[in-house]
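Just so it is clear, the values below take in all heavy atoms, side chains as well, and ignore hydrogens, waters and symmetry mates. Remember, predicted model here, so these are calculated numbers, not experimental data. Order of the sequence lines fixes the chain letters, A, B, ..., with proteins taken first and strands second; residue numbering starts at 1 for each chain.
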Amino acid sequence: MTFALDIGFAAIHLALVLFWPLVLVGIVRRVKARLACRRGLPLLQELTDLLKLFRKGEVIPDTATWVFRLAPWGTWAASALVALMVPTFSWSVPLGAQADFILVIYLLGSSRFLRNLAALDTATAFAGLAASRESFVAALSEPAMVLSLWCAGWVAGTSRIPEMVWRFSEKAAAELSPVHPLILVALVIVAIAENARVPFDDPTTHLELTMIHEAALLEYSGPGLALMQWGAGLHLGLSLALIANLFFPIGLAAPAELGTVPLGLFSFMARTSVLAALLGVLESTMARLRFFRITDWLALSGAAAVLAVIRLVTVGR
Amino acid sequence: MDTHTFSRLVELTSYSVLLVAVAVVAQRNLATSIRLLRLEGFLLAMVSAVIGLYTGESHLFWVAAITFVIKGLAIPSFFFHVMHRIGLPHDAERSLTVPLGLMLASGLTLVAYHVGRPLALASPWITRDVLASSLGTAFIGLSLMIVCRKALTQMLGFLLMEDGIFLFGITETYGMPLLVELGIFFDLIVAAGVTGILLLRMGGDFGHVDVDRLSDLRG
Amino acid sequence: MLSLLFFLSILLTAASGAAALALQSRPALAHRVGCWGQLAGTLAGVVLAILCLASDAPGHLRFDGPVPGLGFTLRFDALAGFFLLLVFGLGALATTFGLPYGFIGHSSSLGTRDFCLGFFLASMAVVVLADDVFTFFAAWESMSVFAFLLLPGEHEKREVREAAYLFLIASQVGTAFILVAFLVLAHHAGSLEFDAFRRAAPLSLPWRSGIFALALIGFGTKAGMIPFHVWLPKAHPVAPSHVSALMSGVMIKTALYGLIRFAFEFLAPLDAFWGLVVLTLGAVSAVLGALFALLEHDLKRMLAYSSVENVGIILMGLGVAIFFAGSGKGDWAAYALLAALFHTLNHAVFKTLLFLAAGSVLAATREASLEHLGGLARRMPATAVCFLVGAWAISGLPPANGFASEWMTYQALWVLASGSAGTHLLGPIAAACLALVGGLAAACFVRAAGVGFLGLPRTEPARRAEEAPRGMIWPMAALAALCLFAGLAPGLPLAMLAGCLPRQLSAPSLLLAGPLGLPAARSVEPPLYPLAIVATLAALLLGLTFVRRRLGTASAATRVHGPWNCGYPIVAPRAQYSASGFSQPFAYFARKLLSRKKLLDVHARHHYSPYLPESLVLRVHSVSPFDTLVYQPVKRFVIRLSKRVSRLQTGSLRLYLAFLLGTVILLLLIQP
C-alpha cells in the first residue's frame with residue numbers, strides 16, 4: 001500500500017515538475033504584459049509553443065557536429081534530473097537520498113557545459129559570445145550558490161535538499177534561524193542570474209549583442225529549440241520551487257498521507273505563482289545591468305552568504 | 001508578545017539593517033544609496049517601536065516617530081534635493097571596486113562578531129546577533145567614509161555609522177532617556193544640514209564635490 | 001617474487017632505454033626497441049604494483065653498499081604500490097602512445113629520448129619505493145635530471161631553453177629544502193633509514209613544524225603549488241606530449257607522495273595547524289591555477305596550469321586530512337586523505353588523457369595555439385571524443401571521475417566546518433573556492449574543447465588535419481574509459497585506496513557504500529550512487545524520445561543548411577569567437593590581479609588620420625604578480641651575491657690551494 005502511495009506521489013511530483021514550470025513562465029509573462037498595459041498571452045502559451053515546435057522539422061547548421069544535436073537532449077535531461085531532486089508539493093521526492101546540494105549544482109553545471117559547447121559548435125559569433133558570457137556568470141555565481149545552500153544545510157544539519165526542506169517545515173516561523181533572510185537574498189540573486197533574467201539578462205531582448213542565454217539558442221529550431229526552451233523552463237521552475245520550499249515551507253504534504261495532498265498541491269502552486277509574479281514585477285521595474293556590473297550583484301550575493309556563514313560560525317545554529 | 005518572538009523579531013530586523021548597509025556598499029548608484037538609507041531609517045523606527053511594545057516604555061514610541069520622520073523622510077529628501085540642485089552624477093565614486101568593498105565589509109562584520117563576544121556575555125538582555133550586526137553596520141559606515149571620494153557619499157557613510165550606533169544603543173539599553181535621543185537627532189540634523197549647505201556652496205564655487213581635490217586649497 | 005618483479009621492471013625499462021641509445025644511428029629501430037622494452041618493463045611494474053597493493057605487511061629489499069650506512073633500501077607497501085601503479089600504468093599507456101608518436105615528431109634524437117624516458121620511469125619507480133635517504137635522493141635527483149634532459153635541450157627557441165633551465169633550478173632549490181628536512185630528521189633518528197624515522201621518538205613541536213615547512217616548500221615546488229609553481233607551466237609543455245603527460249600526470253604526484261609520507265609517517269603526531277596551512281595554499285593554488293589556465297592560448301600550457309589547479313584540489317583534501325589527524329579524528333582524516341588520493345588518481349588519468357589528445361592534435365596540425373585550431377571534431381573524431389571525455393571529467397561534472405573526488409573533497413570540507421571555531425570559517429570559504437574552481441575549470445574546458453575541436457577550422461593545417469594512427473587512439477580510449485569507469489563505480493578504486501591509508505587512520509565504516517557507491521563523510525548520510533543517477537537520466541531520455549516519436553510528423557524532416565547567424569549570410573572561420581575573446585570577461589574581472597596592459601598599435605597610411613588604419617595590432621601583456629613581487633627580487637639578489645662570490649674565482653691555482661688549506665684547517669679545528 002505504501003509502495004503504491006509512493007509511486008503515486010512520485011507520479012504527481014514528476015508531472016508537477018515537468019509541466020508546472022510552463023505555467024510559471026506564462027505567469028511571469030502575463031504579469032509583465034499587464035504591467036505594460038497589454039493583455040498578454042494565455043497562461044498555457046508556452047505549452048502550446050512547445051507542442052508546435054515538437055511537430056516541426058529541424059534545421060541543423062552545416063558547421064555543427066554531433067555535439068550540437070546531442071546538447072538539447074542532455075541539457076533537458078540534466079535539468080529534469082535536478083527537478084526530480086527538488087521537493088515540490090511534498091518534501092519527499094523520488095531521488096531524495098541522492099539529492100545532495102553539491103550534486104544538484106554540478107548537474108546544472110553539466111547542463112550548461114553541454115549548452116555552451118553546442119554554442120561554440122555552430123561557429124557563429126553570437127553563439128560564442130553567449131557561451132563566453134554564460135560561463136562567466138556561472139563561474140561567479142557558483143560560489144555564492146554553494147555558500148548559501150551550504151548555510152541552509154548547516155542550519156538544517158544535512159546536505160540533502162529534501163531533508164533541509166523537511167527540517168525547516170517542522171519548525172515554527174519564529175524558530176527559524178536569523179540567517180534565513182541573508183540566505184534568501186543570496187539565493188534569490190543567484191537564481192535570477194542563473195536563470196538569465198533581468199537585471200542580469202533579458203529573455204525578451206531582440207538585440208543579439210546584448211544577449212547572454214538566448215544567443216546560445218539562435219541556431220536551434222523545431223524539437224531542438226523546444227527542448228532547450230523546456231529545459232530553461234525546468235530550471236526556472238526548480239529555482240522557484242527551491243526558494244518557495246526552503247524559505248516558506250507552508251502546507252507541505254506529508255509522505256504517504258493522501259489527505260494532505262490537495263493542500264500541498266494548492267500551497268505549492270500558490271507559493272510558486274506568487275514568486276513568479278514577483279519575478280515578473282521585478283523584471284518590469286528594473287533596468288538591465290551593464291555586463292561588467294553583473295559582478296557587483298553576484299558579489300553582493302556572495303557577501304550575504306558570507307555574512308550568514310560568519311554568523312553561523314561565531315554564534316552557532 | 002513573548003520574549004522569544006520579540007528577540008527573534010529584533011534579530012531579524014538588525015540583520016536586515018546590516019544587509020541594507022552591505023547593499024549600500026554593493027552598488028554605485030547614488031540615488032539608490034539614498035533610498036537604501038531611507039529603508040534603514042524605517043527599519044530603525046520599527047525596532048524602536050517593537051522594543052517599546054515589549055518593554056511598555058512610552059517614550060520609545062516618540063523615538064520611533066522621530067526616527068521615522070528624520071531618518072526615514074527628512075534627511076533622504078534633503079539629500080535628494082541637494083543632489084538635484086547641484087546636478088550630481090549618479091555614480092557614487094569609490095576608491096575600491098565593489099567586490100573588494102564587499103570583502104572589506106564581510107571582514108569588518110567578522111571583527112564585529114569577535115569584538116562583540118565579551119560584550120554580549122555581559123548583557124543578558126541582548127543577543128550577540130543584534131550586537132554584532134549593529135557594530136558591523138557602524139564599521140561599514142565608517143569604512144564607507146574612508147573609501148568614498150564625494151562629500152555626499154561620505155555623509156551617507158556617516159549616517160550609516162550613526163544608524164549602527166543608534167541600533168546598538170537602543171537595543172543595548174532599551175531606550176536612552178528621550179533627552180539624549182533628542183540631542184543626537186539634533187546633532188544629526190545639524191551634520192546633514194551643514195554637509196548639504198557645504199555641498200551646495202562647493203558645487204557652486206568649484207563645480208565639483210570631490211573631497212580629495214579640496215587639498216588643492218592648501219596654501 | 002616482489003624483488004624479482006622489481007628488478008625485471010626496472011631493468012627492462014632502463015635497459016631498453018640504454019639499448020635505444022646504443023642503436024642511435026638507426027633511429028627507427030632504436031625507437032622500436034626502446035618502446036617495446038619499456039612497455040614490457042612497465043607491464044611487469046604494473047603487476048608489481050598490484051602485488052604491493054594486495055600485500056598486508058610491507059616487504060623490504062636491502063643491499064649493503066661499500067660504505068656502511070649507504071646501502072639501498074626499498075620498501076614495498078600499499079601506498080608505494082598505488083603510486084607505483086600510477087608510474088607504471090600510465091607509463092605503459094604513454095609509451096604505447098609514444099611509439100607511433102615518435103615517428104611523427106622529429107626523429108633525429110629518438111634514441112636519446114627513449115633512453116631518457118626509460119631512466120625517467122625507472123627513477124620515478126625507485127622514488128616511491130625508496131626507504132632510506134640515500135636511495136630516495138639518488139632516485140629523486142635522477143628523476144629531475146632525466147626530466148630535464150627530456151625537455152628539448154639544444155632547441156633553437158630561447159624560451160624553450162630558458163624553460164628547461166628554470167625547471168632545473170626549481171628542482172634543485174626544491175630538493176635543497178627537502179634535503180635539509182631529511183638531514184634534520186636523520187640527525188635526530190641517528191640513521192638514514194626511513195624505518196628509523198618512523199621508530200624515533202617524536203621531536204618537539206617547533207622542530208617538527210620547521211621540518212614540515214621545509215618539506216612543504218620542497219615538495220610543493222615539485223608539485224607546482226602556488227607560489228612555487230612558476231616553472232611548471234613553462235617546462236611541462238615543451239616536452240614531447242607523452243612525456244608532458246607523464247610529468248603532469250605522474251611526476252608531480254611523486255612530490256605529493258613525499259608529502260604524505262613525511263606528514264603521516266615521519267612527523268607523527270601531526271599538528272592541526274599544518275593542515276590549515278596546506279588547505280589555504282591548496283585553495284589559492286586551485287583558484288589561481290584555474291584562472292591562469294583559462295587565460296592561456298597554448299593548449300599544452302593551459303593543461304599545465306590546470307595541473308596547478310588540480311594539485312591545489314588535492315592539497316585541499318590533504319590539508320583537511322592533516323587537520324583531522326592532528327586533532328585526533330582518525331576516521332574523518334581517513335576520509336579526507338581518501339578524497340585526496342582519489343583525486344590524485346583521477347587527475348593522473350584525465351590529465352594524461354588530455355595531454356595525449358593534445359599530442360595527437362599537435363602531431364596532426366603542428367599547431368599548439370587554440371587560436372589556430374578549430375573544427376577538429378570532423379577531421380579527428382576519435383581524438384575529439386577522447387578530449388571531450390577528458391574535459392568533462394576534469395571539469396568535475398557528474399558522472400565522470402572528477403566529480404566523484406571533488407564531491408568527496410566537498411564532503412571533507414563539510415565535516416571540517418563542524419570542527420572548532422577557527423576552522424568553521426575555513427570550511428565554507430574553501431568550499432566556495434572549490435565551487436569557483438569548478439566554474440572556472442568548466443569555462444576553461446568548454447573553451448578548449450569548443451574553440452579547439454568544434455566550429456570551423458581557423459587555419460590551413462587545422463583544415464587538413466588527419467586522424468591519429470590507431471596506436472595513438474587506443475591508449476586515449478583506454479584512459480577515457482577509465483575516467484567513466486572510476487566515476488560510475490567509485491567504490492572499486494576507493495577500496496583499493498583504502499588499503500593505502502597510513503596505519504593510524506583506518507576507518508572501517510568508510511566502504512559500506514559498496515562498489516557502486518560514493519560514501520558520505522558522515523556515516524549517517526546515505527552514499528551517492530552515480531549509476532542510479534545515470535539510470536534515471538537514461539529513463540528520462542527514453543521517455544522523451546517516446547514523446548518526440550509520438551509528436552513528430554512525417555513531413556517534419558531534419559535538414560542540414562548553412563547557419564542562420566541572425567541573417568548575416570557569411571560564416572567565416574575568422575569571425576568565430578576566439579579563445580581570447582572567450583576568456584576576455586575573466587581577464588577583465590581579474591585585471592588588477594594580472595596587471596594586464598593593452599597596447600593598440602595603429603599603422604595608418606596617412607599620419608594625421610588614425611581612423612583609416614592599414615593595420616591594427618593589439619598587444620596584451622600580463623605580468624604574473626609572483627614574478628614581480630617574489631621571483632624578480634630573489635633573482636636580483638642571487639645575481640648580486642654570485643657576482644660577489646665570483647671575485648674569489650681569480651683563476652690562480654695558488655689561491656685555490658690556499659682555500660683548500662684553509663678549509664682543511666678550519667674543519668680540523670671545529671671538529672668536536
Side-chain angles (χ1 to χ4, degrees), chain A residues 51 54-63 65 67 73 76-77 80-81 84 95 97-98 100 102-103 105-107 109-110 113 116-117 120-126 128-129 131-133 135-136 138-140 142-143 145-147 150 154 158-160 208 218-219 222-223 292 295 309-310 313, chain C residues 377-378 392 395-398 403 407 410 414 417 421 424-425 428 431-432 435-436 438-440 442-443 446 449-451 454-456 525-526 528-529 532-533 536-537 540-541 544 548 551-553 555-566 571 575-577 581-582 584-586 588-589:
Chain A
L51 287 175
F54 266 121
R55 288 204 196 90
K56 286 194 164 190
E58 191 165 3
V59 182
I60 306 270
D62 56 5
T63 46
T65 58
V67 175
W73 298 81
W76 181 88
L81 189 60
L84 283 184
L95 277 177
Q98 306 291 309
D100 180 85
I102 298 289
L103 176 67
I105 294 171
Y106 275 66
L107 275 173
S110 318
F113 192 90
N116 290 339
L117 268 185
L120 287 171
D121 198 19
T122 61
T124 61
F126 294 128
L129 179 140
S132 160
R133 289 179 180 177
S135 306
F136 180 68
L140 293 182
E142 245 166 47
M145 186 145 180
V146 164
L147 266 187
W150 179 289
W154 208 355
T158 172
S159 64
R160 308 290 202 251
E208 297 88 358
L218 284 172
E219 296 299 326
F292 286 112
T295 52
V309 169
I310 289 174
V313 166
Chain C
R378 282 172 188 280
W392 189 270
S395 306
L397 301 175
F403 172 74
W407 186 78
Y410 273 113
W414 176 260
H424 261 330
L425 195 59
L436 180 62
L440 290 175
V446 160
V451 174
L454 305 177
L456 291 173
E525 303 236 339
L528 217 57
Y529 291 100
I533 293 159
T536 322
L537 205 66
L540 280 170
L541 278 175
L544 187 64
R548 164 104 169 75
L551 285 176
T553 47
S555 63
T558 301
R559 283 182 300 144
V560 175
H561 197 269
W564 173 53
N565 202 17
C566 300
V571 176
Q576 295 175 90
Y577 229 56
F582 190 95
Q584 197 267 344
F586 297 91
Y588 180 82
F589 182 63

Mind checking whether A/Tyr106 and C/Phe403 have parallel, tilted or perpendicular rings, split at 30° and 60°? tilted
Taking the six-membered ring for Trp, are A/Phe292 and C/Tyr588 parallel (under 30°), tilted (30 to 60°) or perpendicular (over 60°)?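 A/Phe292 and C/Tyr588: tilted rings.
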Which of the residues [options] is involved in the greatest number of heavy-atom pairs with chain C at under 4.5 angstrom?
options	value
A/Ala97, A/Ser110, A/Ala77, A/Ala80	A/Ser110
A/Ile105, A/Asp121, A/Val146	A/Asp121
A/Asp62, A/Ile310, A/Leu120	A/Asp62

Examine whether an atom of [X] lies under 4.5 Å from a heavy atom of chain C, and if so say whether it belongs to the side chain, the backbone or both; otherwise answer neither.
X	result
A/Val59	both
A/Leu84	side chain
A/Leu107	both
A/Glu208	side chain

Give me the atom names and distance for the closest heavy-atom approach of [X] to [Y].
X	Y	value
A/Leu81	C/Leu540	N-CD1, 3.7 Å
A/Phe113	C/Ser395	CE1-OG, 3.4 Å
A/Glu142	C/Ala435	OE1-O, 3.4 Å

Engaged part of C/Ala575 at the chain A interface, taking heavy atoms whose separation is under 4.5 Å: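 Only the backbone of C/Ala575 comes within 4.5 Å of chain A.
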Contact check, side chains of [X] and [Y], non-hydrogen atoms, under 4.5 Å:
X	Y	answer
A/Thr124	C/Trp564	no
A/Pro143	C/Leu436	yes
A/Asp100	C/Tyr410	no

Tell me if a side-chain donor or acceptor on A/Arg133 pairs with a main-chain N or O of C/Pro585 at a distance below 3.5 Å.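 Flag not set: sc A/Arg133 to bb C/Pro585 has no pair under 3.5 Å.
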Among the options C/Gly439, C/Pro563, C/Ala449, C/Ala432, pick out the one with the most heavy-atom pairs lying under 4.5 Å from chain A. C/Pro563
